[in-house]
Amino acid sequence: MAEKRDYYEVLGIEKGASADDIKGAYRKAALKWHPDRWVSGTAEEKKTAEEKFKEASEAYSVLSDPDKKAKYDQFGFAGVDGAAGQDWSQGFGNLNDILNNLFGGAFGGFGFGEAFGGFGGFGGNGNQSRTLRGRDIRTRVKLTLEEIYNGCTKEVTIERSRPCPDCGGRGAMNSSDIKTCPTCNGTGQVQHIANSLFGRTMSYATCPQCHGEGKIVSNPCKKCSGTGLVRIRENVKVTIPAGVENGMQLSVKGEGHSAPRGGVNGDLLVIIEEQPHSNLKRDGANLFYTKVISVTDAILGCSVGIPCLDGETKIKLDAGIQSGTVQRLRGKGMPNVNGYGGRGDLYVKIIVWIPRHLSKSEKDAVEQLGKSSNVVPDPNREDKALFEKESKYF
């Protein structure tokens, strides 16, 4: 059996993808691999399409559900055994119905024809001009572990396209200079009809004269050269939720490039870059710290301070503590970005420092101590088993 692929990899998206990105990725996969589209293919092509569609459907069923997605992000396939075990071979559903369910009234309402409009006009009628969308902008933000622990607001500087202030984004100083494109009659698309042995086929393509805008400018604005957009350097405040991880991508709606002629703005995609901490190491929601103590403290026992992200915490070490012992501080780790499962833990590994150089009087004292039966290692102690049990943390 082939190894199961990561759900994000299946849909071709990153872990921080938004709900809209997940729906859009599944839409593309359903359009490409649904068995309805491979009825005339070879047996091998049909089998491949069936497997790809089942794989995409399973991935979407998990990633589109906030609870399942949170469990999958934290525990992987182990957190969504129900979805992983479901039989996706039964009832593929009609492709028309799938797309209408995905993008019908519940999600802003566009029908079957429009759902296919972005794919060369398959299923579309070409009678409506498309709404342009600005490009997304990607940027990185560096965060300390303390900023991630508490959540924060960061300001990023980006260059982006914004509506021209001189023409108000129209591309022309006067509205009368903006005409309906004569090639596509304002639809932004041109129709192509071809005759073949199988009959007439109809397809739609972006209008070559207006580039899909449906309008042309006869007297362009001098500042923006008729594009309606100018490049501006601006600062944007981004709210970072507590618990984000290195490489995670946050989407800030509408803060990307503007689209021409009043279209929809793109998004600002913020990639998290976690800076190394001087004392603590992170693995998911858990933190790890190594505390070095002296031989005398290990023999007699002591209290030590542990640097936690919410302030120093004192812990008591029992007399005779062994080097390699791990102490677990519950709830002192990182918060979960999805709010699922609470905070992680902080694991403290105790290391006993052995001095290399001693004075004569110190050596004499140690030699005298060595004559005591209390300092002779006990072969029956289970310190080895204890270390093997806890070594997985480090």
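Proximity of a side-chain donor or acceptor of Asp6 to a complementary backbone N or O of Tyr8 within less than 3.5 Å is detected. The main-chain N or O of Gln189 is never found under 3.5 Å from a side-chain atom of Gln191 such that the two would form a donor-acceptor pair. Here the side chain of His257 pairs a donor or acceptor atom with the backbone of Ser161 at under 3.5 angstrom. Under the 3.5 Å distance criterion, the side-chain polar atoms of Asn235 are left unmatched by any main-chain donor or acceptor of Glu155. With Glu362 contributing its side chain and Ser359 its backbone, the two residues share a donor-acceptor pair below 3.5 Å. No donor-acceptor pair closer than 3.5 Å links the side chain of Ser372 to the backbone N or O of Leu369. A donor-acceptor pair under 3.5 Å is formed between the side chain of Glu45 and the backbone N or O of Thr42. Judged by distance alone, with hydrogens and angles left aside, the side-chain atoms of Arg138 form no donor-acceptor pair with the main-chain N or O of Val270 at under 3.5 Å. For the pair Asn286 (side chain) and Asp345 (backbone), a donor-acceptor distance under 3.5 Å is present.
In the hydrophobic clustering of ILVMFWY residues, with side-chain heavy atoms under 4.5 Å counting as a link, Leu280 and Ile315 come out together. No continuous path of ILVMFWY side-chain contacts below 4.5 Å connects Ile137 to Ile271, so the two sit in separate hydrophobic clusters. Under the 4.5 Å side-chain heavy-atom criterion for Ile, Leu, Val, Met, Phe, Trp and Tyr, Ile158 and Val252 are members of the same hydrophobic cluster. Cluster membership check: Ile299 does not share its hydrophobic cluster with Trp353, using side-chain heavy-atom separations under 4.5 Å among Ile, Leu, Val, Met, Phe, Trp and Tyr. Ile293 and Ile354 fall within a single hydrophobic cluster, where Ile, Leu, Val, Met, Phe, Trp and Tyr are joined by side-chain heavy atoms under 4.5 Å apart, directly or via other members.
When all heavy atoms of Pro165 and Lys223 are compared, the pair lying nearest together is CG-CE, 3.9 Å. When all heavy atoms of Ile216 and Pro182 are compared, the closest pair comes out as CD1-CD, 3.7 Å. In terms of heavy atoms, Gly186 sits closest to Thr180 at N-CG2, 3.5 Å. The shortest heavy-atom contact between Ile351 and Gly324 is CD1-N, 4.4 Å. Of all the heavy atoms in Ser251 and Leu269, the pair that sits closest is OG-CD2, 3.7 Å. Here the shortest heavy-atom pairing between Ala56 and Ala29 reads CB-CB, 3.8 Å.
Side chains of His277 and Asn279 form a contact here, defined as non-hydrogen atoms less than 4.5 Å apart. Asn265 is listed as a side-chain neighbour of Arg162, based on a closest heavy-atom distance under 4.5 Å. With contacts defined as side-chain heavy-atom distances shorter than 4.5 Å, the pair Tyr347/Leu287 does not qualify. Side-chain contact between Arg160 and Ile232 is absent, with no heavy-atom pair separated by less than 4.5 Å. The shortest distance between side-chain heavy atoms of Lys349 and Lys291 does not fall below 4.5 Å. By the 4.5 Å heavy-atom criterion applied to side chains, Arg5 and Val10 are counted as neighbours. Phe288 places none of its side-chain heavy atoms less than 4.5 Å from the side chain of Val348. Side-chain contact between Ile350 and Leu317 is present, with heavy atoms from C-beta onward closer than 4.5 Å.
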### Task
Under the side-chain hydrogen bond (donor to acceptor under 3.5 Å, both in side chains) rule, what do Ser361 and Asp364 come out as? Steps first, then yes or no, please.
CA-CA 5 Å; Ser361 61; Asp364 291 340; over 6 Å; no

### Task
Go through the steps for Thr227 and Ser225 under the test side-chain hydrogen bond (donor to acceptor under 3.5 Å, both in side chains), then give the verdict.
CA-CA 6 Å; Thr227 63; Ser225 300; over 6 Å; no

### Task
Any chance you could lay out the side chain to side chain contact (heavy atoms under 4.5 Å, CB included) test for Arg140 and Lys142, step after step, and finish with the verdict?
CA-CA 7 Å; Arg140 291 182 175 270; Lys142 295 182 179 181; over 6 Å; no

### Message
As a quick check of understanding, evaluate side chain to side chain contact (heavy atoms under 4.5 Å, CB included) for Val217 and Lys179, giving each step before the final call.
### Response
CA-CA 6 Å; Val217 178; Lys179 309 290 185 182; over 6 Å; no

#### Entry: Derivation of the side chain to side chain contact (heavy atoms under 4.5 Å, CB included) call for Leu145 and Leu309
CA-CA 8 Å; Leu145 205 56; Leu309 292 176; 4.0 Å; yes

### Message
What verdict does the side chain to side chain contact (heavy atoms under 4.5 Å, CB included) test give for Thr139 and Leu268, after you've listed the backbone C-alpha separation in whole Å, the side-chain angles of each residue and the deciding distance to 0.1 Å?
### Response
CA-CA 8 Å; Thr139 188; Leu268 174 62; 3.9 Å; yes

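The structure places CD1 of Ile178 at 11.0 Å from CE of Met173, a figure rounded to the nearest 0.5 Å. The line from CD of Glu50 to CH2 of Trp33 is 12.5 Å long, rounded to the nearest 0.5 Å. The line from NZ of Lys23 to OH of Tyr60 is 5.5 Å long, rounded to the nearest 0.5 Å. A distance of 8.5 Å separates OG in Ser176 from CG in Asn219, rounded to the nearest 0.5 Å. Ile148 contributes atom CD1, which lies 9.0 Å from atom CD of Gln275 (distance to the nearest 0.5 angstrom). Taken to the nearest 0.5 Å, the SG atom of Cys221 stands 11.0 Å off from the CG atom of Leu229.
Taking the six-membered ring where the residue is Trp, the centroids of Tyr7 and Tyr72 are separated by under 6.0 Å.
At least one test fails for Arg282 against the ring of Tyr149: distance under 6.0 Å to the centre or angle within 45° of the axis.
For Glu159, the CD atom counts as densely surrounded, since its 6.0 Å shell holds more than 12 non-hydrogen atoms of other residues, nucleotides or ligands. When the shell of 6.0 Å around CZ of Arg231 is examined, it contains more than 12 heavy atoms from other residues, nucleotides or ligands.
With Tyr26 as the partner, the side-chain hydrogen bond (donor to acceptor under 3.5 Å, both in side chains) test is satisfied by one option alone out of Ser64, Ser61, Ser57: Ser57. Only one option out of Leu346, Ile321, Ile306 pairs with Gln327 in a side chain to side chain contact (heavy atoms under 4.5 Å, CB included); it is Ile321.
In summary, Asp177 and Arg170 do not engage in a salt bridge, as defined by a charged side-chain N under 4.0 Å from a carboxylate O. Electrostatic pairing of Arg133 and Asp267 counts as a salt bridge here, judged by a charged N lying under 4.0 Å from a carboxylate O. Looking at Asp166 and Lys222, no side-chain N of the basic residue comes within less than 4.0 Å of a carboxylate O on the acidic one, giving no salt bridge. Between Glu147 and Lys154 a salt bridge is recorded (basic side-chain N to carboxylate O distance below 4.0 Å).
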